[in-house]
Number of protein chains: 2
Amino acid sequence: MTGDRPDRARAGAKHVALLAGVSTATVSRALNNPETVDPATLQRVRDAVAKLRYVPHGVARSLRSRRSKMVGAIVPSFDYALYARTTSALQQRLAERGYALVLAEHHYDLEQELQLTRQLIEHGVDAFVFVGTEHDSRLFALLDEFGRPFVLTWGVDAPEGRPCVGFDNRAAGYEMARHLVKLGHKRFGIVSAPIDGNDRGRERGAGFRAALAEAGLSVPDSHVQYARITLAAAEEAMQRLLAAKPRPTAVLATNDVLAVGAMLACRKAGVRIPDDISITGVDNTDLGATQTPGLTSVRTPIVEIGDAAAEQIVARLEGRDAPAHLALPFEIVLRGSTAPPP
Amino acid sequence: MTGDRPDRARAGAKHVALLAGVSTATVSRALNNPETVDPATLQRVRDAVAKLRYVPHGVARSLRSRRSKMVGAIVPSFDYALYARTTSALQQRLAERGYALVLAEHHYDLEQELQLTRQLIEHGVDAFVFVGTEHDSRLFALLDEFGRPFVLTWGVDAPEGRPCVGFDNRAAGYEMARHLVKLGHKRFGIVSAPIDGNDRGRERGAGFRAALAEAGLSVPDSHVQYARITLAAAEEAMQRLLAAKPRPTAVLATNDVLAVGAMLACRKAGVRIPDDISITGVDNTDLGATQTPGLTSVRTPIVEIGDAAAEQIVARLEGRDAPAHLALPFEIVLRGSTAPPP
DNA sequence: TTGTATGCGTTATCAC
DNA sequence: GTGATAACGCATACAA
């Protein structure tokens, strides 16, 4: 009999239906709209499901219902733990709601980001979470063509009013500059992540300079050094700043990894922190907090971004309306790496 | 006409076939087995694909071909950057081969691990990568029932000869103990991650004790403190060790986060490292390496595990045979946190 | 080499 | 409240 289930073959709705004495349509309803089926029938179906250890074939469901309950997250990198923690929060919130997270990294290559997005669309993901507000215009065209909702994270005020969840990176840089100016610093340096394809770093640096400009100060180009987001690269960049003359008395790094790399360079060069030079980071990671001295940094809403992104994207997938723009708070965390200039 | 493509509807193989003047079967072949189709037809199909910006419907393909080209990775947590970096490597290697990575975290709850696995099977993933060699027996039953290949990572010698990629955690603990014994230490402490559901930490601790036993030494139960893998919890655990008498002169932490937490406790208590006490970690993270003094640790094959897991799982999915057991090397990295006892 | 026809397992649309 | 049936978009056996 075709309805028979040979051992070792996966049980299907058909087998459940047979065992419960109903049709596959009722099995489907029992699983997806339990309230529309008679309690007694419902129980029979559930018993059959349990007995056969039936697991619905999500792929077939996706084909028919045109939704896969998978969300794609495309992030720059996990080498720096930051995006990993946001993704972690995102994944947990999604799993709670029955969604799976499909993950990809583009390593700061926006062309690759486009390709990965295409690949995930092909795999059937329903919606996307990206990092940053700026992307290849073809990315948005692609998302539009395939009708995939998305959220941009780690920034606010995305171009064209696109949905986003994050905080004001510019304001973070601005506040940090205010702190250093108040301490009395006059000569500044910046260790920045590469800024193409990285609006976070760019905004942080821009806010920093804006605050200095308001105070009648500035950062000469020679005092802005770029480094990939690794300790080694940051260390080299800081060596260049230490060699500059006049040497800056305060250095803003656009994130904690760069800041700690800068601290390493100072240690090796015998430059004392904060006596000779102040250093600041952004993101308030354990890496920075546990240094000697502790790194003054900006506490960014790492986990909250993931939570909120999940909340928003699921709401939109399920037809509920949700605020499409969320600006979360940040705050400066003062530690021993900043002090008045020598 | 039904063959028509109304604007804004996704192009299907049908539309490509129409435009190229072939059947959908040929479109399928052109995409999946180009060598079996006439070069001229192939070109026409490719042109049509490009013109319509056709993206195959992976979900339909999965239903028909019974493989989704998705691999699930179920890891304990991303809070500690370690598994994030392995997962990163895994994802890159998978993406290169056209596979997508579906990610979930179980937060050291093996029951949850089972549920998540079931959820991902329902979503259609073809194969799995897990962390650790020990899991709920129902997990293996589930994988077997649904015929899903898997690889266990971060350990070797998995029970029942199950496929695994990792290194010998016990040997890592053993070598670290040898280092401390050679330095002349006699009184030891352990700050360990909770060991249920965590074979890595357990093996490391066991190897450590085994080496001590060979030297006629031991660790009293009072000198073994457990802590969740956070700086704060480790700090508290270390405070308990510092209060013990006689106080240990050397402490092994089963990973770098715990070790750094222990260092924080020492700093606050005014206990000097390494003069008063030696501390060691495992994993050789930046967090440990950048402390003052630097943390002596074990360089574990973080990235290599991800690379090899991808390699093995894809090979098996594609019917090639691959070595199912891989033991990667590790090495002790000496830094300033270890010295002879006072 | 190419086309025709069927079915993958589920959900949606109808009747009943 | 429930059942029969037709898709969903593609890959594949088989025929040509």
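Chain A is the first sequence line, chain B the second, and so forth, proteins listed ahead of strands; every chain is numbered from 1. Model, not experiment: these values are computed from the prediction.
Residues B:Glu111 and B:Gln115 bring a donor and an acceptor atom of their side chains to less than 3.5 Å of each other. No side-chain donor from either of B:Thr117 and B:Glu113 sits under 3.5 Å from a side-chain acceptor of the other. Side-chain contact of B:Thr87 with B:Gln91: a donor-acceptor pair under 3.5 Å is absent, judged by distance alone.
Formation of a donor-acceptor pair under 3.5 Å by the A:Arg85 side chain with backbone atoms of B:Ala81 is not found in this model.
Interface limits on DNA chain C: the 5'-most and 3'-most nucleotides within less than 4.0 Å of chain B heavy atoms are C:dT1 to C:dG9.
Annotation: the span from A:Cys164 atom SG to A:Ile305 atom CD1 amounts to 10.5 Å, rounded to 0.5 Å.
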In B/S/- notation, 5' to 3', how is nucleotides 7-16 of chain D contacted by protein heavy atoms closer than 4.0 Å? BBBBBB----
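Within the 4.5 Å cutoff, the side chain of B:Ile121 has heavy atoms near those of the B:Phe128 side chain.
If you check every strand for non-hydrogen atoms under 4.0 Å, A:Ser62 touches nothing.
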Might you work through the salt bridge (charged side-chain N to carboxylate O under 4.0 Å, His left out) test for B:Arg93 and B:Asp307, ending with a clear yes or no? CA-CA 6 Å; B:Arg93 297 291 88 74; B:Asp307 290 346; 2.8 Å; yes
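A salt bridge is defined here as a Lys NZ or Arg NE, NH1 or NH2 lying under 4.0 Å from an Asp or Glu carboxylate O, and B:Arg53 with A:Glu145 meets this definition. With respect to B:Glu311 and B:Arg97, a salt bridge is recorded, a charged nitrogen being found less than 4.0 Å from a carboxylate O.
Taking the screw axis at each terminus of the helix from C:dT1-D:dA16 to C:dC16-D:dG1 from five consecutive base pairs, the angle between the two is 30° to within rounding of 10 degrees.
Annotation: A:His135 is in aromatic contact with A:Phe130 [ring centroid separation under 6.0 Å].
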